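Below is one structure, written out as structure tokens, with a few remarks after it.
Being a predicted model, the structure only gives us computed values, none of them experimental.
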Amino acid sequence: MFPLQDSTPTRTTPFVTWLLIGLNVLCFLIEATMPEAELNDFIQQFGVVPIRFISQFNSGELFTVYSSMFLHAGWIHLLGNMWALFIFGDNVEDRLGHLNYIVFYFFCGTVAAIGQILMSMTSFMPMVGASGALAGILGAYILLYPRARVATVVPLFFVLPWVIEVPAILYLGLWFFMQFFTGLYALAASPLAAEASIAWWAHIWGFLSGAALVKLLAKRPRQLQVQNIYFEQYPPW
């Protein structure tokens with residue numbers, strides 16, 4: 001399933017979300033200009049390498065937790081993350097406020113990275129991408145706007161595109177359980193998930209940290225005077 005848009009309007013301009021998208025795209029364009037050998041060294045240096053993080057922990061290794069959030073492994077990786085950030089990030093920023101949203105984003109990314117490190121402590125594979133922080137945004141969204149609707153592309157008979165609207169709680173709930181059970185499978189197939197090419201546990205811990213933190217930072221929604229409903233409330237299905 002691929003999300004096209006959500007039904008939740010915003011009341012503020014999502015400056016931080018736009019800035020994060022811009023920085024991620026800029027960093028990827030820098031990656032794209034590098035020769036392959038230089039790029040591999042760059043990813044090794046600024047990505048999170050679990051075994052190196054554990055064995056050589058210092059301020060430089062801690063910095064990779066944050067530098068890795070702005071690196072991506074390819075166009076599809078980048079576009080998938082940035083599109084989801086564009087759809088869901090503005091609404092979470094709207095409810096948290098710009099400054100709280102920055103703290104929230106990097107907190108979730110940090111928890112996600114540490115969670116993946118602990119689940120793959122012997123891995124030499126560098127971890128890159130905004131997926132962990134993005135998962136935190138999804139965890140926040142499912143609590144803030146569970147009744148919102150997400151227009152989603154579903155391949156009909158695995159070929160024809162079919163657009164349907166599904167409740168956010170269903171769409172994001174399915175996404176989380178897919179990550180969780182795939183993460184369990186990765187552990188069973190490869191001890192400590194050392195050979196996993198996708199950081200499933202970063203997604204899981206990012207999502208859980210976002211769901212846990214959002215209620216502490218979220219501002220109470222302003223009520224509409226005319227309709228007497230909250231922005232994120234919609235008629236039941």
Side-chain angles (χ1 to χ4, degrees), residues 1-3 6 8 14 16-17 20-21 23-24 47-48 50 64-74 76-96 100-120 123 125-146 148 150 152 166-187 193 196-218:
M1 298 190 298
F2 183 81
D6 69 330
T8 308
V16 177
T17 295
L20 290 170
I21 292 173
L23 288 174
N24 275 277
V48 176
T64 64
V65 169
Y66 304 103
S67 60
S68 66
M69 296 182 198
F70 295 94
L71 304 179
H72 287 82
I76 294 178
H77 189 202
L78 173 74
L79 293 176
N81 279 346
M82 294 304 100
W83 184 249
L85 180 58
F86 174 76
I87 292 176
F88 300 108
D90 58 342
N91 301 113
V92 176
E93 181 178 352
D94 188 40
R95 279 293 300 275
L96 297 186
N100 282 351
Y101 181 67
I102 294 173
V103 173
F104 175 86
Y105 184 89
F106 286 105
F107 175 84
C108 292
T110 301
V111 173
I114 293 174
Q116 181 64 28
I117 289 168
L118 295 177
M119 301 304 291
S120 56
S123 176
M125 185 176 295
M127 181 176 64
V128 296
S131 304
L134 174 60
I137 289 174
L138 301 185
Y141 192 101
I142 198 173
L143 292 185
L144 294 175
Y145 311 102
V150 181
T152 308
V166 296
I169 193 170
L170 175 61
Y171 179 87
L172 298 177
L174 286 174
W175 181 89
F176 174 76
F177 281 109
M178 287 175 60
Q179 309 305 304
F180 182 73
F181 287 112
T182 307
L184 290 179
Y185 175 80
L187 282 179
S197 59
I198 297 178
W200 302 110
W201 290 97
H203 300 172
I204 294 165
W205 285 109
F207 188 96
L208 293 175
S209 65
L213 182 62
V214 67
K215 289 299 185 178
L216 296 177
L217 297 179

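Remark: the Y145 side chain and the D6 side chain contain no N/O donor-acceptor pair separated by less than 3.5 Å.
Here L208 contributes atom CG and L213 contributes atom CG; the two are 12.5 Å apart, rounded to the nearest 0.5 Å. Atom CD1 of residue I87 and atom OG1 of residue T8 lie 11.5 Å apart, to the nearest 0.5 angstrom.
In this structure D94 satisfies the side chain to side chain contact (heavy atoms under 4.5 Å, CB included) test together with T10, R11, T12, sequence neighbours excluded. Under the side-chain hydrogen bond (donor to acceptor under 3.5 Å, both in side chains) criterion, S131 pairs with N81, not counting sequence neighbours. Remark: Y101 pairs with T17 by the side-chain hydrogen bond (donor to acceptor under 3.5 Å, both in side chains) rule, at least two apart or across chains.
Here the shortest heavy-atom pairing between P50 and S120 reads CB-O, 3.0 Å.
The aromatic rings of F2 and W83 sit parallel to each other, their planes meeting at less than 30°, with 60° as the upper class boundary.
Under a 3.5 Å cut-off, the side chain of S68 and the backbone N or O of V65 do form a donor-acceptor pair. Q179 places no side-chain N or O within 3.5 Å of a backbone atom of W200 that could act as its donor or acceptor partner.
Here the side chains of L144 and V214 are in contact, with some heavy-atom distance below 4.5 Å. Residues W175 and H203 meet the side-chain proximity criterion, which asks for heavy atoms closer than 4.5 Å. Residues I114 and W205 have side chains not in contact (no heavy-atom distance under 4.5 Å, counting atoms from C-beta outward). M69 places a side-chain heavy atom less than 4.5 Å from the side chain of T110. When side chains are defined from C-beta on, Y105 does not count as touching V16, because their heavy atoms never get closer than 4.5 Å. A 4.5 Å side-chain heavy-atom check between F176 and L172 finds every atom pair outside the cut-off. Between L134 and F88 there is no side-chain heavy-atom pair separated by less than 4.5 Å. Residues F207 and I142 meet the side-chain proximity criterion, which asks for heavy atoms closer than 4.5 Å.
Heavy-atom neighbours of F86 CZ from other residues, nucleotides or ligands within 6.0 Å: at or below the threshold of 12. At most 12 non-hydrogen atoms from other residues, nucleotides or ligands lie less than 6.0 angstrom from CD1 of I76.
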